[in-house]
Amino acid sequence: MKKQNPPAAIPEIRPGQSIELLKELHILTRDGKLNQDTRRKLKQVYHLYQFIEPLLADAETLVDHGAGKSYLGFILYDLFSKNQATGEIIGIESRPELVDKSRELAARLGFERMRFLACTVEDSLTSPELPNQVDVVTALHACNTATDDAIRFALTKEARHIVLVPCCQAEVASAMRARKNESLGKTALSELWRHPIHTRELGSHLTNVLRCLLLESHGYDVTVTELVGWEHSMKNELIIASKRGTPRKNARERAEAILREFNLEELAPRFAY
């Protein structure tokens with residue numbers, strides 16, 4: 001009987017990656033192949049990873065906040081952490097059923113330095129199961145105020161690096177919409193959000209501007225770029241913040257001035273603390 005050759009390696013996949021994990025994440029099809037959609041998803045994963053990898057070199061603890069199915073945590077462990085002698089990845093998620101599934105998958109894959117906590121945002125700030133200081137905090141597609149929760153967690157834990165891909169930012173736009181009539185009589189700038197589509201777009205933009213100022217006011221250097229074609233939307237911002245120790249002197253004042261100008265002072269506790 002003629003001996004059959006083993007399946008050909010897929011050139012897009014990096015050597016040593018877990019094929020089982022890529023199937024679980026639907027990056028590979030059930031028969032272990034890439035189609036057009038999954039090839040694009042794999043390219044997006046590597047695109048995000050290239051920004052995060054340099055931050056992991058001297059990191060002992062990474063916390064994925066609002067982890068969901070822990071998609072990002074598993075990818076980071078598979079591409080980086082499993083080849084290191086030390087370093088832990090912790091997924092925080094409030095839905096116990098998702099935590100249970102992640103624990104089962106990590107055990108099946110032998111990812112021993114991954115663990116998952118089922119807890120609320122408030123509990124994560126004081127949980128004895130988490131260290132007082134962490135090195136990296138990530139939040140991938142943390143919807144609406146979940147990104148702000150991740151920032152508050154990172155600041156509380158004195159994270160050295162913060163990586164955020166915000167999503168579905170509605171809070172600021174909602175506040176702008178609620179006070180639109182008042183704002184129209186207060187400032188000519190209200191023309192920027194008089195139409196509903198502009199309210200949504202400007203609200204999303206202002207949200208990330210205020211987040212960057214908050215991080216700078218706490219001594220972080222901030223870089224903002226974009227991830228094009230990521231799975232949930234046509235355009236996403238990637239915010240990377242690294243602790244430098246010297247707060248930008250006027251960052252908080254600028255944030256407060258923006259909140260006043262756009263009639264959003266009620267949101268100061270979220271964006272200026």
Side-chain angles (χ1 to χ4, degrees), residues 25-27 37-38 40-52 55 62-76 89-95 97-99 101-102 116 118-122 124 136-155 159 161-177 193 196-215 220 222-241 255 258 262 264 267 270-271:
L25 300 180
H26 306 294
I27 290 175
D37 288 339
T38 57
R40 183 170 57 250
K41 183 179 286 189
L42 182 64
K43 183 178 180 180
Q44 293 160 354
V45 165
Y46 289 151
H47 182 56
L48 178 60
Y49 177 67
Q50 75 178 2
F51 290 105
I52 302 177
L55 311 180
L62 180 145
V63 174
D64 188 18
H65 201 277
K69 297 179 181 179
S70 294
Y71 184 107
L72 179 59
F74 278 112
I75 286 290
L76 294 177
I89 291 180
I90 305 170
I92 296 176
E93 171 56 46
S94 62
R95 290 165 288 184
E97 66 276 12
L98 295 184
V99 170
K101 186 174 181 180
S102 293
F116 307 90
C119 64
T120 65
V121 174
E122 290 299 325
S124 72
V136 183
V137 172
T138 60
L140 176 62
H141 287 123
C143 282
N144 201 17
T145 59
T147 296
D148 304 302
D149 295 334
I151 291 174
R152 183 155 61 101
F153 174 84
L155 295 179
H161 306 288
I162 306 169
V163 181
L164 308 167
V165 181
C167 180
C168 307
Q169 300 158 127
E171 184 187 37
V172 170
S174 177
M176 294 167 72
R177 193 176 299 113
W193 70 94
I197 188 173
H198 294 160
T199 306
R200 185 180 72 243
E201 292 175 350
L202 181 59
S204 180
H205 178 63
L206 280 176
T207 300
N208 284 342
V209 169
L210 290 165
R211 286 167 174 163
C212 291
L213 287 169
L214 173 61
L215 291 167
Y220 287 82
V222 177
T223 300
V224 184
T225 184
E226 67 176 9
L227 293 173
V228 179
W230 195 253
E231 61 181 310
H232 294 308
S233 67
M234 293 179 64
K235 179 181 178 183
N236 274 325
E237 288 188 35
L238 170 64
I239 300 172
I240 302 175
I258 289 171
F262 286 88
L264 295 170
L267 297 180
R270 185 177 297 282
F271 295 113

Next on the checklist: Would the distance check show the side chain of Ser102 and the main-chain N or O of Leu98 forming a donor-acceptor pair, the cut-off being under 3.5 Å?
Outcome noted: yes

Next on the checklist: Return the OG to CD distance between Ser94 and Glu122, rounded to the nearest 0.5 Å.
Outcome noted: 12.5 Å

Next on the checklist: Is there a side chain to side chain contact (heavy atoms under 4.5 Å, CB included) between Phe153 and Asp149? Walk through the geometry before answering.
Outcome noted: CA-CA 6 Å; Phe153 174 84; Asp149 295 334; over 6 Å; no

Checklist entry - Can you list the steps and then say if Arg95 with Glu97 is a salt bridge (charged side-chain N to carboxylate O under 4.0 Å, His left out)? => result CA-CA 6 Å; Arg95 290 165 288 184; Glu97 66 276 12; 5.2 Å; no

Item to check | CG on Leu206 to CH2 on Trp193, rounded to 0.5 Å | outcome: 8.0 Å

Checklist entry - Taking Ser204 for the side chain and Glu201 for the main chain, is one N or O donor matched with an acceptor at less than 3.5 Å? => result no

Item to check | Point-to-point distance, once rounded to the nearest 0.5 Å, from CG of Leu214 to CG of Leu210 | outcome: 9.0 Å

Item to check | Tyr71 and Leu25, any side-chain heavy atoms less than 4.5 Å apart | outcome: yes

Next on the checklist: Between Thr147 (side chain only) and Ala142 (backbone N and O only), is there a donor and an acceptor less than 3.5 Å apart?
Outcome noted: yes

Checklist entry - Can you find a heavy atom in the side chain of Pro166 that is under 4.5 Å from one in the side chain of Asn208? => result yes

Next on the checklist: Go through it in stages, so that I can follow the logic: the residues are Phe51 and Thr223, the test is side chain to side chain contact (heavy atoms under 4.5 Å, CB included), and I'd like the CA-CA distance, side-chain angles, deciding distance and then a yes or no.
Outcome noted: CA-CA 11 Å; Phe51 290 105; Thr223 300; over 6 Å; no

Checklist entry - If you take all heavy atoms of Cys212 and Val224, which pair is closest and at what distance? => result SG-CG2, 3.6 Å

Next on the checklist: Which heavy atom of Val222 sits nearest to which heavy atom of Ala241, and what is that distance?
Outcome noted: CG2-CB, 4.1 Å

Item to check | Thr38 to Ile27 - nearest heavy-atom pair and separation | outcome: CB-O, 2.8 Å

Checklist entry - Do you know which two heavy atoms are closest between Ile162 and Ala154, and how far apart they sit? => result CD1-CB, 3.6 Å

Checklist entry - How long is the gap from CD1 on Ile92 to OG1 on Thr120, to the nearest 0.5 Å? => result 10.0 Å

Checklist outcome for this item: Residues at least two apart in sequence or cross-chain that pass ring pair (Phe, Tyr, Trp, His ring centres under 6.0 Å) with Phe271, listed by chain then number, are none

Checklist entry - Can you name the closest pair of heavy atoms from Gly73 and Asp64 and give their distance? => result N-OD2, 3.7 Å

Next on the checklist: Within the 4.5 Å heavy-atom criterion, are His161 and Ile240 side-chain neighbours or not?
Outcome noted: no

Checklist entry - Side chains of Leu227 and His47: does their closest heavy-atom pair fall under 4.5 Å? => result yes

Item to check | Side-chain heavy atoms of Arg211 within contact of Ile151, under 4.5 Å | outcome: yes

Next on the checklist: So, taking the atom named CG in Leu140 and the one named CD1 in Ile52, what distance separates them when rounded to the nearest 0.5 Å?
Outcome noted: 8.0 Å

Item to check | Non-neighbouring partners of Thr199 that pass side chain to side chain donor-acceptor pair (under 3.5 Å), sequence neighbours left out | outcome: Lys180

Next on the checklist: Show the nearest heavy-atom pair for residues Glu93 and Gly66, with the distance to one decimal.
Outcome noted: OE1-C, 3.7 Å

Checklist entry - Just wondering, do Leu48 and Leu72 contact through their side chains at under 4.5 Å, heavy atoms? => result yes

Next on the checklist: Does any part of the side chain of Ile239, heavy atoms only, come nearer than 4.5 Å to the side chain of Leu215, both counted from C-beta?
Outcome noted: yes

Checklist outcome for this item: Rounded to the nearest 0.5 angstrom, the CG-CZ distance for Leu264 and Arg270 is 12.5 Å

